[in-house]
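What follows is one structure encoded as structure tokens, with my remarks underneath.
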Amino acid sequence: MRPRILPVFCALLVGLAATAASAQLTGYDDKLGLAPGGVLSDIDPHSGLTSVPPDFDSCVFNPTHLLVTPPFFFPIGFTSGMTRIGDTLYALEWENSDIYLYTIGVSSMFGGCAIGTRVGAQPVGFSELESLVFVPTDGPSGTLYSVDFEFSPVPPHQGRLIQIDPNTGVGAAVGPHMSNDVRIGGLAYDPTADVLYALGLGFATRSPELLTIDRSTGLETAIGLLGADGLESLAFDASVSPARLYAAGTELYELDPNAGAATLIGGDFSGTMWAMSDSRLADDPCAGKGGDADGDTLCDDEDPCKSFANTLPLVISNFSGIPDECLCGDFDGNGSLSATDAAAVNDCAAFVRFDCVSERDEVSPPINGFYSATDASLINRVAGFVDPAYTLECGLRP
């Protein structure tokens, strides 16, 4: 039986070496060796090597990826399940005798460090939940799943499939109990085949195994034995073809989805990877940063102009993005034309700046298709109230 770990104040902040990797998986690792000092790590699926998630680069504390909870610097309790809904990580926290659903984000209070925030005020309502996965096609907005387990003094020892409301964090059982001694440590979902995989930890009469679970009945079907001990978490990578199934404990393994057999990949886990999420695209620079709606390589969380694709020279010049107001010549985006905007237009006309394209010549008629000194002169006249007939009009603004 896995011990429940009580959250205690952790004032010891130590440096933690990280290996740079092009990570696709994210996991919760107790590699600090301090209860409950777990850290969030990216995992390279090719080598199993871990690295600090770049989301926490600005954290002023060390380790930057130690999961804490507001309002005080208390580490998150033992985490035993993790999944991704869009760009947000969800996980399960063991707090005394209860288990809570929480989200993982970047804290402004703690200077960009990893922060955990509970979903709702109520616990999930089930014990021994050691897995978490999101199935986007179930229900109107998707469903979270986990599996409980009963450590009763006498047999039978059984578990049930649990649905968890992502808005309240409260769970509900699906169907009857599973077979005796089926204890699930990880769940992963294959969206192409619409299959829910489960990692059987091995208990009493059963050995560690790979299974599938019918989400409509809650009943399991065995695929095959793992041939490896100590695996505690499961994840699915749909970003490659063919897709890959991973399991982790003190090292990373790849599982055969048809037979269940585990093949060692490796890793630098000094602790155990108790929870692991399904993959995000490793070569997507905007993963976890809101995506890239306009396809200009500037992530939406950092791009003031999400609906306008910035040009290649603009990206090369490290320009941070152009608001919609710039379509009207209002370069500083304050809603009025000023000498500052005129200076920007002059720089464009002289090819000093590279953030000008033809459709931005919308200061006033006549429109000749590009910014010029004439446009700058008009802006100066408007800014100086010399010619109030010209106003800030933008036919291209949404």
Side-chain angles (χ1 to χ4, degrees), residues 1-2 4-5 26-28 38 76-85 88-104 116 118-120 122-139 141-151 157-179 181-191 195-203 209-221 231-236 245-248 273-278:
M1 178 177 179
R2 177 181 296 170
R4 293 196 176 100
I5 302 174
T26 303
Y28 171 89
I76 284 286
F78 177 72
T79 293
S80 64
M82 184 179 296
T83 192
R84 195 179 297 278
I85 302 181
T88 303
L89 279 171
Y90 284 72
L92 294 174
E93 175 194 11
W94 292 35
E95 172 75 23
N96 297 326
S97 60
D98 292 319
I99 298 176
Y100 291 86
L101 180 69
Y102 74 98
T103 60
I104 298 171
R118 282 184 182 170
V119 175
Q122 301 297 318
V124 178
F126 296 85
S127 63
E128 306 299 333
L129 302 176
E130 303 190 47
S131 56
L132 188 67
V133 72
F134 179 66
V135 178
T137 55
D138 286 2
S141 57
T143 299
L144 290 167
Y145 289 96
S146 186
V147 178
D148 72 351
F149 193 69
E150 295 179 357
F151 282 107
H157 304 290
Q158 297 174 315
R160 289 172 297 176
L161 183 65
I162 307 298
Q163 287 184 338
I164 303 175
D165 187 329
N167 299 306
T168 67
V170 177
V174 179
H177 287 87
M178 298 180 183
S179 300
D181 302 333
V182 173
R183 180 186 172 200
I184 302 302
L187 292 172
Y189 177 65
D190 178 352
V195 172
L196 181 61
Y197 289 101
L199 178 71
L201 299 182
F203 185 84
E209 60 190 327
L210 181 66
L211 311 100
T212 61
I213 298 178
D214 186 323
R215 304 193 305 278
S216 62
T217 64
L219 299 179
E220 87 291 346
T221 299
L231 300 181
E232 296 286 347
S233 55
L234 193 67
F236 191 80
L245 189 62
Y246 300 97
M273 202 64 67
W274 295 107
M276 189 166 54
S277 77
D278 288 348

Give the minimum heavy-atom separation between [X] and [Y], together with the two atoms involved.
X	Y	value
Leu211	Leu199	CD1-C, 4.5 Å
Pro176	Leu219	CG-CD2, 3.8 Å
Leu187	Ala198	CD2-CB, 3.7 Å
Gly81	Ala275	N-CB, 3.3 Å
Tyr246	Met276	O-CE, 3.9 Å

Distance (rounded to the nearest 0.5 Å) between [X] [atom1] and [Y] [atom2]:
X	Y	atom1	atom2	answer
Phe149	Leu201	CZ	CG	9.0 Å
Leu161	Ser146	CG	OG	8.5 Å
Asp190	Leu196	CG	CG	10.5 Å
Leu101	Leu92	CG	CG	6.0 Å
Ile99	Glu93	CD1	CD	10.0 Å
Ile213	Ser131	CD1	OG	7.5 Å

Phe134/Arg84 under side-chain contact (heavy atoms from CB on, under 4.5 Å): CA gap, chis, key distance, verdict: CA-CA 7 Å; Phe134 179 66; Arg84 195 179 297 278; over 6 Å; no
Look at the aromatic rings of Tyr197 and Phe236 and report parallel, tilted or perpendicular, splitting at 30° and 60°. parallel
Yes or no on side-chain contact (heavy atoms from CB on, under 4.5 Å) for Met178 and Gln158, after CA distance, side-chain angles and deciding distance? CA-CA 6 Å; Met178 298 180 183; Gln158 297 174 315; 5.9 Å; no
Quick check with a 6.0 Å cut-off and a 45 degree axis cone: is Arg118 positioned over the face of Tyr102's six-membered ring? no
With side chains defined as the heavy atoms from C-beta onward, is the minimum distance between [X] and [Y] less than 4.5 Å?
X	Y	result
Leu132	Met82	no
Leu245	Leu234	yes
Ile162	Ile164	yes
Val119	Pro166	no
Thr26	Leu89	yes

For Phe203 and His157: C-alpha separation, side-chain torsions, deciding distance, then whether ring pair (Phe, Tyr, Trp, His ring centres under 6.0 Å) applies. CA-CA 9 Å; Phe203 185 84; His157 304 290; 5.2 Å; yes
Summary of salt bridge (charged side-chain N to carboxylate O under 4.0 Å, His left out) pairs that have at least one residue in residues 210-219, sequence neighbours excluded: Asp138-Arg215, Asp194-Arg215
Given Glu128 and Arg183, is the salt bridge (Lys or Arg N to Asp or Glu O under 4.0 Å) satisfied, shown in steps? CA-CA 9 Å; Glu128 306 299 333; Arg183 180 186 172 200; 5.3 Å; no
Check: [Y] main-chain N/O paired with [X] side-chain donor or acceptor under 3.5 Å:
X	Y	answer
Ser233	Met273	yes
Asp148	Phe126	no
Ser80	Leu129	yes

Can you tell me if Thr212 and Glu220 form a side-chain donor-acceptor pair at under 3.5 Å? no
Whether the Thr79 and Trp274 side chains hold a donor-acceptor pair (N or O, under 3.5 Å, no angle test) is what I'd like checked. no
Salt bridge (charged side-chain N to carboxylate O under 4.0 Å, His left out) against Glu209, all qualifying residues, sequence neighbours excluded: Arg206
